[in-house]
Enquirer: 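Here it is, the structure, as structure tokens.
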2 protein chains.
Amino acid sequence: MAMTKLSEHVLDQPQENSVELVPGLAHSAGFLINRSGRIIRERITAALEPLPLTPQELGILRILEARGPLSQHALSRVHSIDRTTMVHVIDGLEHREFVVRMRNTSDRRSHLVYLTPRGRKTLARAIKIAQKVQDEFLAPLSTEEWESMRLSLIKLLSHHRL
Amino acid sequence: MAMTKLSEHVLDQPQENSVELVPGLAHSAGFLINRSGRIIRERITAALEPLPLTPQELGILRILEARGPLSQHALSRVHSIDRTTMVHVIDGLEHREFVVRMRNTSDRRSHLVYLTPRGRKTLARAIKIAQKVQDEFLAPLSTEEWESMRLSLIKLLSHHRL
DNA sequence: TATTGTTATACTCTATAACTATA
DNA sequence: TATAGTTATAGAGTATAACAATA
């Protein structure tokens with residue numbers, strides 16, 4: 001359980017809310033986005049732990065569901081991690097029987113990664129759990145506020161081609 | 001230089017833009033926020049490298065400037081990292097003479113961390129550099145769009161007390 | 001020659017546990 | 001007893017370099 005404990009630190013010292021008291025940080029995109037990202041990532045990590053699945057693995061299962069079987073290298077490009085990192089991630093998923101590697105018959109250098117039925121089932125559960133955490137996290141925003149923020153984030157990602 | 005290379009991976013394979021092609025991820029707050037956070041963090045990391053300063057260290061210098069001298073433990077609470085991690089961070093900043101530790105005369109267990117003149121000068125340079133990276137990162141958004149997103153992020157952070 | 005997957009290795013960031021000095 | 005700082009250690013996540021198999 002290598003969860004960080006971002007929440008507990010400050011909860012008992014609410015007067016030290018860094019956003020309110022450090023004006024510069026309240027205007028820093030890097031601070032605001034990364035701090036928010038850390039909070040939701042921690043919560044999703046904790047919520048998915050019993051499956052067990054990490055947020056990163058959830059992302060990979062989602063890509064496989066949407067795009068069908070992919071080679072490890074293609075998967076690592078879509079997911080923006082190094083192919084050497086992907087080896088270990090797929091090792092873990094295969095060990096839990098959420099995916100299987102199969103030789104690509106048309107290019108025997110590559111392995112195609114397939115979702116297993118068990119992987120699909122776990123994916124469905126994980127999506128529900130992540131959705132619930134997300135709803136709680138986004139609770140302070142109106143539907144319109146989140147939709148506006150979501151579209152802005154997609155604009156940023158599209159523009160920077162990632 | 002242990003920078004990740006999020007940009008380069010996909011730039012030569014633009015058709016594999018994961019946001020556009022994986023519908024589930026385009027609605028995932030965790031994915032969108034963390035991916036955006038990673039991009040801006042990488043860019044600020046690269047831009048601050050010559051100072052040298054990390055984004056995390058920049059945050060600490062900003063807190064010290066806004067709040068005055070703080071103990072390491074107080075600083076670790078405001079910045080939401082463990083006090084044992086803070087030891088190493090302050091070690092690094094002190095080694096570059098951006099801060100100094102001084103015994104707190106009213107509680108001799110604690111060290112107060114002070115910004116040095118050199119630290120202030122570096123902070124000023126770093127803020128300018130980070131601002132430029134931020135402006136480039138936010139370029140696809142209108143002023144109103146970023147302001148709306150900024151207020152939403154602050155709402156999220158305030159609500160979750162971090 | 002170039003690419004895919006792999007292994008070995010290392011770096012960064014973070015945490016936990018146990019210690020010392022002080023309260 | 002409790003807290004501040006420290007040290008030693010470990011884990012997660014990521015990268016680079018070198019290699020074998022295949023194209």
Side-chain angles (χ1 to χ4, degrees), chain A residues 1-9 12-13 34-35 37-38 41-42 44-46 48-49 52-60 69-77 79-94 99-113, chain B residues 1-9 12-13 34-35 37-38 41-42 45-46 48-49 52-57 59-60 69-77 79-94 99-113:
Chain A
M1 228 287 278
M3 271 287 300
T4 55
K5 294 210 208 117
L6 189 53
S7 316
E8 297 170 22
H9 281 300
D12 36 23
Q13 307 241 358
N34 277 293
R35 181 66 59 102
R38 183 176 171 182
R41 181 162 25 88
E42 280 181 11
I44 293 178
T45 300
L48 293 181
E49 211 166 31
L53 204 71
T54 67
Q56 186 196 47
E57 291 168 338
L58 170 55
I60 289 168
L70 290 176
S71 75
Q72 292 182 202
H73 204 169
L75 210 41
S76 74
R77 282 188 297 256
H79 207 250
S80 293
I81 61 172
D82 195 86
R83 70 198 159 104
T84 65
T85 303
M86 188 57 73
V87 173
H88 304 297
V89 178
I90 300 298
D91 281 350
L93 288 171
E94 194 169 40
V99 302
V100 286
R101 286 171 164 105
M102 307 236 282
R103 276 280 173 217
N104 183 347
T105 48
S106 63
D107 181 348
R108 292 176 42 75
R109 290 174 304 183
S110 70
H111 289 154
L112 291 179
V113 181
Chain B
M1 227 289 276
M3 272 286 302
T4 56
K5 293 208 209 119
L6 191 52
S7 315
E8 297 170 22
H9 282 299
D12 36 24
Q13 306 240 359
N34 277 291
R35 181 66 60 100
R38 184 176 171 181
R41 180 163 25 90
E42 281 181 10
T45 300
L48 293 181
E49 210 165 32
L53 203 71
T54 67
Q56 187 196 45
E57 291 168 337
I60 289 168
L70 289 175
S71 74
Q72 292 182 202
H73 205 168
L75 209 41
S76 74
R77 282 188 296 256
H79 207 250
S80 294
I81 62 173
D82 195 87
R83 71 199 161 105
T84 65
T85 303
M86 187 56 73
V87 172
H88 304 297
V89 179
I90 300 298
D91 281 349
L93 288 170
E94 194 169 41
V99 302
V100 286
R101 284 170 164 106
M102 306 236 283
R103 276 278 174 218
N104 183 347
T105 48
S106 61
D107 180 348
R108 292 177 42 76
R109 289 174 305 182
S110 70
H111 289 153
L112 290 179
V113 181

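Naming: A, B, ... by sequence-line order, numbering from 1 per chain.
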Enquirer: Within the side chain of B:Glu94, is there an N or O that forms a donor-acceptor pair under 3.5 Å with the backbone of B:Asp91?
Expert: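 No; zero donor-acceptor contacts below 3.5 Å.
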Enquirer: Heavy atoms only: give me the nearest A:Pro55-A:Thr45 pair and the separation to one decimal.
Expert: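 So the two residues come closest at CG-OG1, 3.3 Å.
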Enquirer: Grab the CE-C1' distance between B:Met86 and D:dT3 for me, whole Å please.
Expert: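 After rounding, the reported distance stands at 17 Å.
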Enquirer: If the cut-off is 4.0 Å, is A:His73 near the phosphate of C:dT4, judged by side-chain N/O to OP1 or OP2?
Expert: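 Looking at the OP1 and OP2 atoms of C:dT4, one of them is under 4.0 Å from a side-chain N or O of A:His73.
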Enquirer: Pick base, sugar-phosphate or nothing for A:Ser110, based on heavy-atom distances below 4.0 Å to the nucleic acid.
Expert: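 Touches sugar-phosphate only.
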Enquirer: C:dT12 P sits how many Å from B:Asp91 CG, rounded?
Expert: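 Taking CG of B:Asp91 and P of C:dT12, I get 15 Å after rounding.
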Enquirer: Got a sec, which residues hit side chain to side chain contact (heavy atoms under 4.5 Å, CB included) with A:Thr84, two or more places apart in sequence or on another chain?
Expert: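 If we apply the side chain to side chain contact (heavy atoms under 4.5 Å, CB included) test to A:Thr84, skipping adjacent residues, the hits are A:Asp82.
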Enquirer: If each of A:Thr54 and B:Leu112 is mapped to the nucleotide of DNA chain D with the nearest heavy atom, which maps nearer the 5' terminus, i.e. the 5' end?
Expert: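 Going by which nucleotide is closer to the 5' end, it is B:Leu112.
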Enquirer: Which pair of non-hydrogen atoms, one from B:Ile60 and one from B:Leu75, has the smallest distance, and what is that distance?
Expert: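 So the two residues come closest at CG2-CD2, 4.0 Å.
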Enquirer: Can you check whether A:Gln56 has a side-chain N or O nearer than 4.0 Å to OP1 or OP2 of D:dA12?
Expert: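 False: A:Gln56 side-chain N/O out of range (4.0 Å or more) of D:dA12 OP1/OP2.
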Enquirer: Reading nucleotides 17-23 of chain D from the 5' end, what letters show protein touch, with B for base, S for backbone sugar-phosphate only, - for no heavy atom under 4.0 Å?
Expert: B----BS
Enquirer: Nearest-nucleotide wise, let me know which of B:Thr85 and A:His88 is further upstream toward the 5' end of DNA chain C.
Expert: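 The residue closer to the strand's 5' end, by nearest nucleotide, is A:His88.
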Enquirer: Specify the separation, in whole Å, of atom NE2 of A:His79 and atom P of D:dA15.
Expert: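 In whole Å, D:dA15 P and A:His79 NE2 are 12 Å from each other.
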Enquirer: Please enumerate all residues that pass salt bridge (charged side-chain N to carboxylate O under 4.0 Å, His left out) together with B:Arg103, with sequence neighbours excluded.
Expert: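 B:Arg103 satisfies salt bridge (charged side-chain N to carboxylate O under 4.0 Å, His left out) with no other residue.
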Enquirer: What is the separation between atom CZ on B:Arg41 and atom P on D:dA15, rounded to the nearest whole Å?
Expert: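 One finds 12 Å between P of D:dA15 and CZ of B:Arg41, rounded.
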Enquirer: Round to a whole Å and report the spacing from CG of B:Leu75 to P of D:dA4.
Expert: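 The answer, rounded to whole Å, is 13 Å.
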Enquirer: What is the minimum heavy-atom distance between A:Arg101 and A:Val87, and which atoms define it?
Expert: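 So the minimum-distance heavy-atom pair works out to NH2-O, 3.3 Å.
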Enquirer: Starting from C1' on C:dC13, measure out to CD1 on B:Ile90 and report it in whole angstrom.
Expert: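 That distance rounds to 15 Å.
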Enquirer: Among C:dA15, D:dG5, C:dT6, which nucleotide sits nearest the side chain of A:Arg38?
Expert: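 Closest nucleotide among those given: C:dA15.
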Enquirer: Atom CD of B:Glu57 and atom P of C:dT14: how far apart are they, to the nearest Å?
Expert: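 Going from B:Glu57 (CD) to C:dT14 (P), I get 11 Å.
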Enquirer: Expressed as a whole number of angstroms, how long is the span from B:Asn34:CG to C:dC13:C1'?
Expert: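 After rounding, the reported distance stands at 15 Å.
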Enquirer: Of A:Pro55 and B:Leu70, whose nearest nucleotide on DNA chain D comes first from the 5' end?
Expert: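 The residue mapped nearer the 5' terminus is B:Leu70.
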Enquirer: Is a donor on one side and an acceptor on the other found under 3.5 Å between the side chain of B:Asn34 and the backbone of A:Gly37?
Expert: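 Yes.
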